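These numbers come from a predicted model, not from an experiment. Lettering of chains follows the sequences in order, A, B, ..., and the numbering in each one begins at 1.
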There are 2 protein chains.
Amino acid sequence: MLKKTERLSLVEQVVIQIEHLIESSHWQIGDQLPAEMQLMKEFDVSRNTLREAIRALVHAGLLETKQGSGTVVKSSSAFGVALHRQVEKSSVMETLEVRLALEREAAQLAAIRRNDLDLEAMTESIQLCKLASEKGDVQEFLQADIIFHKAMVKASHNKMLERLYEHITEPLQSSIEEIMVAGAYFNYSEEIHYELLEAIKQQDVHAAISYVNQYINDFREKIKRIQED
Amino acid sequence: MLKKTERLSLVEQVVIQIEHLIESSHWQIGDQLPAEMQLMKEFDVSRNTLREAIRALVHAGLLETKQGSGTVVKSSSAFGVALHRQVEKSSVMETLEVRLALEREAAQLAAIRRNDLDLEAMTESIQLCKLASEKGDVQEFLQADIIFHKAMVKASHNKMLERLYEHITEPLQSSIEEIMVAGAYFNYSEEIHYELLEAIKQQDVHAAISYVNQYINDFREKIKRIQED
DNA sequence: CTAAGTCCAATCATCCTACAACTTTTCAAA
DNA sequence: TTTGAAAAGTTGTAGGATGATTGGACTTAG
């Protein structure tokens, strides 16, 4: 196999540089980019070249331009945006099923690979759930609940699973919030979280999967009931 | 909530039109697009506007431009490309774990929702596996094997799961092929396929999941052994 | 006739200037 | 203080000019 003689176009070079600046948090979400005129000088390219680069990133969902105002960073992950769009084209039920698939695998892997730091993070997030539950703050509880699940997924030590889970859960969150608030009833039993954590701590794979199934099936029933109203 | 006064920019309009032409197979993969000059006239926009639109789609992975030659359609799914890139950044093991997660969920859902057409498709693909196996053609067998799994995922009747599975499996395929060919040994027992199919036919969820676990664990062991060599 | 090399037309890549459309800021008048 | 118009700044669109690369047509030597 010979070397592939691919020279990156100027546009692609600028795109990569901007992507890098965003990924490295040099430009954070919400930040305004310098004006085109200044970026032209900094990257030492013409306006057309710069604009093509920016346009590519706008379409990818990383940037957003507004005529007369400027360009701001909208997201730091093109993959997240792509997944987000896919989720929007799907039903909530479909997405939940995919999330269940990932969560079940994560629970299994977490039970095998979790370390002390993972367990600590999960324990802390359960405390947050408990606090929010006692205050009766639904929104805060959901926030904490997500932190717990993310901690579990992280304990699976599979970065791809983690990324997929995060970007699938994020767009679901608003739907879930609506449904839960609309559902009005809010009976949190902290036992499931504790039992799941205990199973992972004891490295009991079957128990962990079983609790995840139980958790999600409860949730699925809840949503089905609310949607039928 | 007042109406949002969003006007699509010309560039975005052109992008959408081109995306549509590709999705609707008016321009198929491998096809060459008309030259910029002609597209300018057809879309009735300036060269800059057209080029920004094309550049956005090039970066999304739908198109590919080559100086002096032209622009060709490279893919029909931006989501597929994004997922492909993500898979490339991950290890084969990580990706396999994600695939297992999806496959397990698919088997469960398929056991519940499969219809006669689904069963027929799965049965046919098993025949293909058998034929390829008898011929000893590894490549053809892998091809048929993938068709079987895709048929099962399709039987889950969850489009999102289907799309995710397809775009995760595709880039894995070449890795798997390398590994299998390098592994040299190729002992296919058609029993697992039949048993899995039977479980889905009988709507036995637990058995279906069990066979999938068995199938993938075998595969995982095989890869681990080969990679250690 | 074949094969190698040359030339040329087509095509994309980059740059430039100009103007239009929109937003924000500034500032003066009511 | 509020209003409204002007000004400055920013992105959007247009059109032209030139460079770089490709692929095919053509030429020529063997």
K.L.:
Nearest-Å distance, NZ (A:Lys41) to P (C:dC15)?
P.N.:
16 Å

K.L.:
With nearest nucleotides of DNA chain C determined for B:Gln32 and A:Met40 from heavy-atom distances, which residue corresponds to the more 5′ nucleotide?
P.N.:
B:Gln32

K.L.:
Enumerate, atom names and distances included, each donor-acceptor pair closer than 3.5 Å involving a side-chain atom of residues 24-31 of chain B, sequence neighbours excluded.
P.N.:
| residue | atom | partner | partner atom | Å |
| --- | --- | --- | --- | --- |
| B:Ser24 | OG | B:His20 | O | 2.9 |
| B:Ser24 | OG | B:Leu21 | O | 3.3 |
| B:Asp31 | OD2 | B:Gln28 | N | 2.9 |

K.L.:
Would a 4.5 Å heavy-atom cut-off, applied to side chains only, mark A:Lys74 and A:Leu63 as touching?
P.N.:
no

K.L.:
Please list, in numerical order, the residues of residues 55-74 of chain A that have a heavy atom closer than 4.0 Å to any atom of DNA chain C.
P.N.:
A:Gln67, A:Gly68, A:Ser69

K.L.:
Tell me the interatomic distance from B:Glu36, atom CD, to D:dG15, atom P, rounded to whole angstroms.
P.N.:
15 Å

K.L.:
Does anything in residues 161-170 of chain A pair up under side-chain hydrogen bond (donor to acceptor under 3.5 Å, both in side chains), and if so which pairs, sequence neighbours excluded?
P.N.:
A:Glu103-A:Tyr165

K.L.:
With sequence neighbours excluded, tell me which residues meet side-chain contact (heavy atoms from CB on, under 4.5 Å) with A:Thr65.
P.N.:
A:Ile54, A:Arg55, A:Val58, A:Thr71

K.L.:
Between B:Glu94 and A:Lys159, is there a salt bridge with N-O shorter than 4.0 Å?
P.N.:
no

K.L.:
Could you walk me through whether B:Tyr215 and B:His149 pass the ring-ring contact (aromatic ring centres under 6.0 Å, His included) test, one step at a time?
P.N.:
CA-CA 11 Å; B:Tyr215 175 87; B:His149 286 104; 4.9 Å; yes

K.L.:
Could you give the CD-to-P distance, from A:Glu52 to D:dT13, as a whole number of Å?
P.N.:
13 Å

K.L.:
Rounded off to whole Å, could you give me the CE-to-P distance for the B:Met37 and D:dA14 pair?
P.N.:
15 Å

K.L.:
Among residues 43-51 of chain B, which ones have heavy-atom contacts with DNA chain D below 4.0 Å?
P.N.:
B:Val45, B:Ser46, B:Asn48, B:Thr49

K.L.:
Indicate yes or no: at least one non-hydrogen side-chain atom of A:Leu161 is less than 4.5 angstrom from one of A:Leu102.
P.N.:
yes

K.L.:
Rounded to whole Å, how long is the line connecting atom CG of A:Leu10 with atom P of C:dC12?
P.N.:
18 Å

K.L.:
Quick one: side chains of residues 8-18 of chain A, donor-acceptor pairs under 3.5 Å with protein atoms, not counting sequence neighbours, listed by atom name and distance.
P.N.:
| residue | atom | partner | partner atom | Å |
| --- | --- | --- | --- | --- |
| A:Ser9 | OG | A:Glu12 | N | 3.2 |
| A:Gln13 | NE2 | A:Leu8 | O | 3.1 |

